[in-house]
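Lettering of chains follows the sequences in order, A, B, ..., and the numbering in each one begins at 1.
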Protein chains: 2
Amino acid sequence: MSAAAPEGYDPSAFEPFAVTVDLAVFTVRESRLHVLLVERGAEPYQGHWALPGGFLLPRESAGAAARRELAEETGLSDDTVSGLHLEQLRTYSEPDRDPRMRVVSVAHTALVPDLPEPRGGGDAAGARWWDAARTGPLAFDHDRILADARDRVGAKLEYTCLATAFCPPHFTLGELQQVYETVWGVELDRPNFRRKVLATPGFVRPAEGAPRRTGGRGKPAALYRAGDATALHPPLLRPEGRQA
Amino acid sequence: MSAAAPEGYDPSAFEPFAVTVDLAVFTVRESRLHVLLVERGAEPYQGHWALPGGFLLPRESAGAAARRELAEETGLSDDTVSGLHLEQLRTYSEPDRDPRMRVVSVAHTALVPDLPEPRGGGDAAGARWWDAARTGPLAFDHDRILADARDRVGAKLEYTCLATAFCPPHFTLGELQQVYETVWGVELDRPNFRRKVLATPGFVRPAEGAPRRTGGRGKPAALYRAGDATALHPPLLRPEGRQA
DNA sequence: TCAAAAGTGTTGGTCATACACCCATGC
DNA sequence: GCATGGGTGTATGACCAACACTTTTGA
């Protein structure tokens, strides 16, 4: 905040901005990182795909707006959405990022388990999951936002426990490992991954009493739930990151 | 961006927001982490101290506004400021964070070497460095922003090379170690710290041909300059972080 | 000659990697 | 039985923390 500039009191003395949120909603399906995109139904960028998002309501924080938009775009209930992982990515404020007017957008990243196909609600012409590595050119500066979001997600898996956000409430360690391998694009050693996860207090806890589940054929795997921990100390580094 | 909502074209259909930047400018002086604060000269929060900041100009990005404000508040030349480390922290958008109107603020963090006292320019009643651990209650939500910024800086030292941003162009390894010890509030083993830094390619490079400098008494230390690397692989973890 | 700070060497423990190997299930 | 995925054991090696020791300056 500017320190007590008189013009602070006069709404006409500063440029009015529109403030929006944009959402990079990721999920892991079929061993690929997917992102939720909506098809624009009007100019500008009509027919292009874009990240979902929308304007802040008059008395709404950016976080609340992001959660509201996430519920609208995914068709999930507010209760379900309130439990999903959603965090601010960064704010994009280049003067010409929207050809219509001055729009400052607070981008957010959401990690969700594999959900049913979105119903494409709201004002979008369509909505679907896209392979995050194979999106065409997106509207506005959304290519950049998406790239930033992918980088952030990859980095966050190293030193936080939020890989579990990609998993359903009960999951196997194999599924959790799949998340890492998919996001990072590498293969991990299963025994070592297992030890690392179980040795980190609060990363996962056994889903006690739950039966075992099969991933097709093979031995049924024990089920786990996400733990209380958020940080991962020491971190779980990407194999490439080790030598650099 | 909302996908082609008609009201996107009509400036009267959405709430006008003011957009500002706030700056958490850190430096290390006298073995304490310091933050630059300005004294507010008018209501609200007259007489309180606050983070420096100000409104975005009509065709200015948040990053450009932050750099401009940083130059104004520190009294440094634009050239000097352009070389300093400045990065976005996060955006604060609670509806009532400013009692006057709806203000969305894009907070930034800057790391600077020990600079001369600020001249308190601009619209502030005063400006000075404060021990970052002993700031009184600040104006607006700036206590929260400052706390977030301190956390971020501490975390960033673990996995990036930007501790050098706190140092002058030529510095000794002892000075670099002081930065870590000050920000983290711990003591580090000098031989191990030294090895770790020198073993990380691109963290520092010798200031070739430069003479040696003394930090008072004791053996003169070799001088180094910041290297090209930004990431720190593997990270340099805080001692506390090891067991958790 | 002593204190203080820079710089080098060494060692022991811990942790990760890379495997080998057993278990349980579907076909 | 055999393929497939879950789960356990283990040894080699890398790395890190701790600390002893030498070097170079100012007083």
**Asked** Starting at CG of A:Leu198 and ending at P of D:dG6, how long is that distance when rounded to a whole Å?
**Response** 13 Å
**Message:** Within the 4.5 Å heavy-atom criterion, are A:Cys167 and A:Val179 side-chain neighbours or not?
**Reply:** yes
Short N/O separations, protein against nucleotides 20-23 of chain D, under 3.5 angstrom:
none

**Request:** Let me know the distance between CG of B:Leu188 and C1' of C:dA6, rounded to the nearest Å.
**Result:** 16 Å
**d(OH, B:Tyr180; C1', D:dA17) in whole Å** = 17 Å
**Asked** Starting at CD of B:Glu187 and ending at P of D:dA17, how long is that distance when rounded to a whole Å?
**Response** 15 Å
**Asked** Looking at B:Asp148 and B:Arg144, does any basic side-chain N land under 4.0 Å from a carboxylate oxygen?
**Response** yes
**Fill in**
Which of C:dA6, D:dT10, D:dG7 is nearest the side chain of A:Ala221? It is D:dG7
**Message:** According to salt bridge (Lys or Arg N to Asp or Glu O under 4.0 Å), does anything in residues 126-140 of chain A pair up with another residue at least two apart or in another chain? List the pairs.
**Reply:** A:Arg32-A:Asp131, A:Asp131-A:Arg134
**Message:** Measure CG/B:Asp189 against C1'/C:dT11 and give the value in whole Å, please.
**Reply:** 14 Å
**Request:** Please tell me if the side chains of B:Pro191 and B:Lys196 come closer than 4.5 Å, counting only heavy atoms from C-beta onward.
**Result:** no
**Request:** Could you tell me whether the side chain of A:His48 reaches within less than 4.5 Å of the side chain of A:Phe140, counting heavy atoms only?
**Result:** no
**Message:** Below 4.0 angstrom, which residues in residues 224-232 of chain B have at least one non-hydrogen atom near DNA chain D?
**Reply:** none
**Lys/Arg-Asp/Glu bridge criterion (N-O < 4.0 Å) met for B:Arg29, B:Glu117** = yes
**Message:** Looking at the base of D:dG9, is there any donor atom on it, or on the side chain of A:Arg195, that sits under 3.5 Å from an acceptor on the other one?
**Reply:** yes
**Request:** Could you list the residues that satisfy side-chain contact (heavy atoms from CB on, under 4.5 Å) with A:Ala155, not counting sequence neighbours?
**Result:** A:Tyr159, A:Arg238
**Message:** Side chain of B:Arg194 only, heavy atoms from C-beta on: which candidate in C:dG7, D:dT24, D:dC19 is closest?
**Reply:** C:dG7
**Prompt:** What pairs with A:Gln177 under side-chain contact (heavy atoms from CB on, under 4.5 Å), at least two apart in sequence or on another chain?
**Reply:** A:Glu181, A:Leu188, A:Arg190, A:Phe193
**Prompt:** In whole Å, what is the span from the CZ atom of A:Phe193 to the P atom of D:dG7?
**Reply:** 12 Å
**Prompt:** B:Arg217 has a side chain; which of D:dT24, C:dA4, C:dA18 sits nearest to it?
**Reply:** C:dA4
**Message:** Both B:Lys196 and A:Leu173 contact DNA chain D. Taking the nearest nucleotide for each, which residue is further toward the 5' end?
**Reply:** A:Leu173
**Request:** Would you mind reading off the distance between A:His233 atom NE2 and C:dA16 atom P, rounded to a whole angstrom?
**Result:** 14 Å
**Prompt:** Once you round it to whole Å, what is the distance between P of C:dG7 and CG of B:Leu176?
**Reply:** 12 Å
Let me have the donor-acceptor pairs involving side chains of residues 221-230 of chain B, under 3.5 Å, with sequence neighbours excluded, atom names and distances please.
none

